[in-house]
A.B. asks: 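What follows is a single structure, and I will ask about it in a moment.
We name chains A, B, ... by the order of the sequence lines, and we start the count at 1 in each one.
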There are 2 protein chains.
Amino acid sequence: MRVRPRVLVVDDEPGVRRALQRGLTAEGMDVVVAADGPSALQVARTGSFDAILLDIMLPGLSGYRVLQALRAEGVRTPVLLVSAKDGEIDQADGLDLGADGYLVKPFSFVVLVAQVRALLRRGAVEGTGQRLRLGDLVVDRAARQVSMAGEPVSLSPREFAVLDVLASRAGSVVTKDELLRAVWGDEQAATRNAVEVYVGYLRRKLDAVGAGSIVRTVRGHGYLASTGEIDAVMGS
Amino acid sequence: MRVRPRVLVVDDEPGVRRALQRGLTAEGMDVVVAADGPSALQVARTGSFDAILLDIMLPGLSGYRVLQALRAEGVRTPVLLVSAKDGEIDQADGLDLGADGYLVKPFSFVVLVAQVRALLRRGAVEGTGQRLRLGDLVVDRAARQVSMAGEPVSLSPREFAVLDVLASRAGSVVTKDELLRAVWGDEQAATRNAVEVYVGYLRRKLDAVGAGSIVRTVRGHGYLASTGEIDAVMGS
DNA sequence: GGGATTTCTGAGCTTTCTCTCAGCTCCTCA
DNA sequence: TGAGGAGCTGAGAGAAAGCTCAGAAATCCC
């Protein structure tokens, strides 16, 4: 798992959202929020999270449906269902759908954090997400292969590593220094220009298969990987 | 997974054992019971179960120890720890030891079944069988034989071991170092070049029967066994 | 004992990758 | 409008990764 685990919080109440975001951030996590089912699904299907906190009562698409859709797509990110209802039928249903835990409102923040940490630990044991998705672009971390709409894209190890980092933080800007650290290691064996060069290589190869707009430059800040549609949703 | 999943129930209380056996059997599972740590270990290490329900408080050998011993022996059967203690420290310990879930007594039977089903689902994805298939290529681990579309392929022990490791992790890249460790043992009796040589041998023999494309090189990462088609798209 | 098989290393070779340099464009801001 | 910084890119040296061959040692099996 990365240094700061990435957690997606899905809840329709702005107050809860803000409280959880603040609390979990203070616990050392990178928190991204979503307010309704469809946008949660869209963000979560990138597979770039270490855990998802999913409210069941959601506008647009219930938490159950979101979970079901994610699992159907092969997204295995650990999910903690949150509900106001306290019934064991619901609990069983949720677990049957592939949830990894269940929390009943009202819950104490301490318990929540403990549960999230347990989820993160489990994720760490299994090895983080097997597959990252950015629109039609799929980054298969296990096979170390990338494909665009089914068409394989051949990348060198360094190129893959750069894309992997960008994709695993989809929707967030990654600075060149962060990339240097993540890809080249702490000893700073390369200059920032190397990052620019590799992003260039990457773009050329992605361009060739019609995925050119996936990695964007945010002048003065770094690079941003996204599907091009969802950035409005992402917090943090 | 086989038609009727095989579940091992380990608990020292005869009442609990009987109840679980009856209940899970009614749910369509084949249930085997064990009453203490040593016998649980003995039965479980055959690797012939799809899931294990493991009580922590056991005579002879605690559930923790059993789990630890199993994982140390390379048995990956999903394990659901059952405990009367409700402490997050214990929970963390269990998950760190390689447990796949945790249940605190008293639990409702419905929740238990849901958890077991979740385990079975996860196990089903990973596949445990004695016979591995990669397209038309069949690796029979018990008989230590390989055949391509019915036609036997004669491999030396080392060649078989290499193919076995690659096939058992089909779809994931296996590094040369991992192969060295898995096939040659921890003492690093051979160099990486030996791996390259053996993959070469393997490819030559597989090529001769039309299975040449099964073992692919992923430059900079290692080797990847796959069915040959581009399976990069969807999971599930 | 001796032929066949298997294991493993070292060297040579090709292919591919990595990363720096230098020049260039583009944006920002005064 | 033009100076300065940020970012992009082509070229190319050097290194690394991977494959193969030949052959030495060990082992197996009549």
A.B. asks: I need the CG-P distance between Leu202(A) and dT9(D), as an integer number of Å.
C.D. replies: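 The answer, rounded to whole Å, is 12 Å.
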A.B. asks: Side chain of Asn193(B) only, heavy atoms from C-beta on: which candidate in dA11(D), dT7(C), dT20(D) is closest?
C.D. replies: dT20(D)
A.B. asks: Hey, are the side chains of Val162(A) and Tyr201(A) touching, using non-hydrogen atoms and a 4.5 Å cut-off?
C.D. replies: no
A.B. asks: Go through the N and O atoms of the side chain of Arg219(B) and the base of dT15(C), and report whether any donor-acceptor pair is under 3.5 Å.
C.D. replies: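 Donor-acceptor pair under 3.5 Å: yes.
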A.B. asks: In whole Å, I'd like the distance from the CG atom of Leu180(B) to the P atom of dG18(D).
C.D. replies: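 After rounding, the gap between these two atoms is 13 Å.
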A.B. asks: Is Arg158(A) near enough to dC19(C) that one of its side-chain N or O atoms lies under 4.0 angstrom from OP1 or OP2?
C.D. replies: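 It does, given that an N or O in the side chain of Arg158(A) lies less than 4.0 Å from OP1 or OP2 of dC19(C).
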A.B. asks: Under 4.0 Å: is that the gap between some side-chain N or O of Thr191(A) and OP1 or OP2 of dT20(C)?
C.D. replies: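 Thr191(A) to dT20(C) OP1/OP2: side-chain N or O found under 4.0 Å.
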A.B. asks: Reckon Tyr198(A) has a side-chain N or O less than 4.0 Å from the OP1 or OP2 of dC8(D)?
C.D. replies: no
A.B. asks: To the side chain of Thr217(A), which of dG7(D), dG18(D), dC8(C) is closest?
C.D. replies: dG7(D)
A.B. asks: Any side-chain N or O of Arg204(B) under 4.0 Å from OP1/OP2 of dC21(D)?
C.D. replies: yes
A.B. asks: Nearest heavy-atom pair of Arg141(B) and Ser168(B): which atoms, and what distance?
C.D. replies: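 Minimum heavy-atom contact is NH2-CB, 3.8 Å.
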A.B. asks: Is any side-chain N or O of Tyr201(A) closer than 4.0 Å to OP1 or OP2 of dT16(C)?
C.D. replies: no
A.B. asks: Is the shortest side-chain N/O distance from Lys176(A) to OP1 or OP2 of dA6(D) below 4.0 Å?
C.D. replies: no
A.B. asks: Can the positive tip of Arg158(B) be found less than 6.0 Å from the middle of the six-membered ring of Tyr198(B), inside 45° of the ring normal?
C.D. replies: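 No, a cation-pi geometry is absent between Arg158(B) and Tyr198(B).
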